[in-house]
Amino acid sequence: MKDVEDTLSKLPFFRCNKCDLVNLAFVDGIHDGDALVNGQIVPVSRAKKKAFLEALNRYLNEVHA
């Protein structure tokens, strides 16, 4: 998983937990602190929650700037 994460480091992907990489472009919202992606809830670990929200906010600001 680390190799895939490194390969995608230049793209808007975020590793939400030890099993899931999420393309921030497809995040529809936040539900109880987890990512909502195409109607599916992707758990965001407690340790990564703050970094995930910051990355999502940064991505949205770049796209909508």
Side-chain angles (χ1 to χ4, degrees):
M1 182 64 111
K2 182 68 175 144
D3 292 337
V4 174
E5 186 178 12
D6 291 341
T7 301
L8 298 173
S9 66
K10 301 275 190 231
L11 300 171
F13 281 84
F14 188 87
R15 189 168 178 182
C16 295
N17 55 55
K18 62 183 179 177
C19 299
D20 296 306
L21 277 169
V22 171
N23 184 333
L24 297 174
F26 290 93
V27 175
D28 299 319
I30 305 297
H31 183 318
D32 293 333
D34 295 323
L36 184 60
V37 182
N38 292 329
Q40 301 291 316
I41 293 177
V42 178
V44 179
S45 71
R46 282 185 285 163
K48 296 191 178 230
K49 202 158 297 227
K50 181 179 178 186
F52 170 73
L53 293 173
E54 289 171 353
L56 182 60
N57 188 39
R58 191 170 41 253
Y59 171 76
L60 292 173
N61 284 331
E62 290 173 4
V63 170
H64 296 293

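Since the model is a prediction, treat every value here as computed from it, not as a measurement.
Residues L11 and N23 have side chains not in contact (no heavy-atom distance under 4.5 Å, counting atoms from C-beta outward). Side-chain contact between D28 and V37 is absent, with no heavy-atom pair separated by less than 4.5 Å. Between D32 and I41 the shortest side-chain heavy-atom distance does not fall below 4.5 Å.
Atom-to-atom distance recorded for L8:CG and F13:CZ is 5.0 Å, nearest 0.5 angstrom. Taking CD of Q40 as the reference point, atom CG of D20 lies at 11.0 Å (rounded to 0.5 Å).
The backbone N or O of V44 sits less than 3.5 Å from a side-chain atom of D34, completing a donor-acceptor pair. Side-chain N or O atoms of N57 include none that pairs as donor or acceptor with a backbone N or O of L53 at under 3.5 Å. The backbone N or O of K18 lies less than 3.5 Å from a partner atom in the side chain of R15, making a donor-acceptor pair.
Listed here is the closest heavy atom pair of P43 and N17: O-ND2, 2.6 Å.
Residues I30 and V63 share a hydrophobic cluster, clusters being chains of Ile/Leu/Val/Met/Phe/Trp/Tyr side chains in contact below 4.5 Å. Neither L36 nor L56 shares a network with the other; the hydrophobic side chains, linked directly or stepwise wherever heavy atoms of I, L, V, M, F, W or Y lie under 4.5 Å apart, form separate groups for each. A continuous path of Ile, Leu, Val, Met, Phe, Trp and Tyr side chains, each step under 4.5 Å between heavy atoms, connects L60 with F14, placing both in one hydrophobic cluster.
Of the listed residues (V27, L21, V22), just one forms a side-chain contact (heavy atoms from CB on, under 4.5 Å) with C16, and that residue is V22.
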